[in-house]
Structures are given as structure tokens and as C-alpha cells.
**Student:** 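First the structure, then my questions, so here it is.
Computed over heavy atoms, backbone and side chain alike; hydrogens, waters and symmetry mates excluded.
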Amino acid sequence: MKKKIAIAIIIFSIIFLFYDFLNGEKTALKIKETNISVDLALAKEDQIKGLSGRKSLSSGTGMLFVYNQPRQVSIWMKDMNFPIDI
């Protein structure tokens, strides 16, 4: 009985983490020793808008564009108010 409860908790935790990643607006990344808080651009509309219209981007933050499958993409940020690295 305890084993079934533990397995159910693990499965629920995994589903919750993936749900939060795919449906949330922000997540955290760690690249080597650097922590970055990123906004997720999951929907096509979010990817089209990108960082356009923002006045600035704080240090240690960014935007992560998530695509369903590998492909070549073009990036153009209309109305950018600050320089970016892609």
C-alpha cells in the first residue's frame, strides 16, 4: 500500500512539473554556474511578440522560445528598446 502511494506521489509530481513548465509563463535555467529566469514563449503569438515593447530586460533574465520540433527559424524583434543577444 505504501509503495503504491509513493509511486502515485512521484507520478503526480512529474506531471505537475511538466504541466508547470509547459503552461507557466516563467521558468528558471541554470547554465554552468549561471541562473537565468526566463519567460517562456510557447504560443505562436508569444513567439511573434517576443520582447517587443518592453523598456528593458533585467540582468539574469531572458526569453526562451520553445518549438515542438527542430527547425530553422528567423528572429526579428520589432520595436526593441534595448540590444539583445540571440
**Student:** Identify every side-chain donor-acceptor pair in residues 34-41 under 3.5 Å, counting partners at least two apart or on other chains, and give the distances.
**Tutor:**
| residue | atom | partner | partner atom | Å |
| --- | --- | --- | --- | --- |
| Asp39 | OD1 | Lys26 | NZ | 2.8 |
| Asp39 | OD2 | Arg54 | NH1 | 2.9 |
| Asp39 | OD2 | Arg54 | NH2 | 2.7 |

**Student:** Identify every side-chain donor-acceptor pair in residues 58-80 under 3.5 Å, counting partners at least two apart or on other chains, and give the distances.
**Tutor:**
| residue | atom | partner | partner atom | Å |
| --- | --- | --- | --- | --- |
| Thr61 | OG1 | Ser58 | N | 3.4 |
| Thr61 | OG1 | Ser58 | O | 2.5 |

**Student:** Within this structure, what is the CG-CG distance for the pair Asn81 and Leu57, rounded to the nearest 0.5 Å?
**Tutor:**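 Answer for the CG-CG pair, Asn81 versus Leu57, is 11.5 Å.
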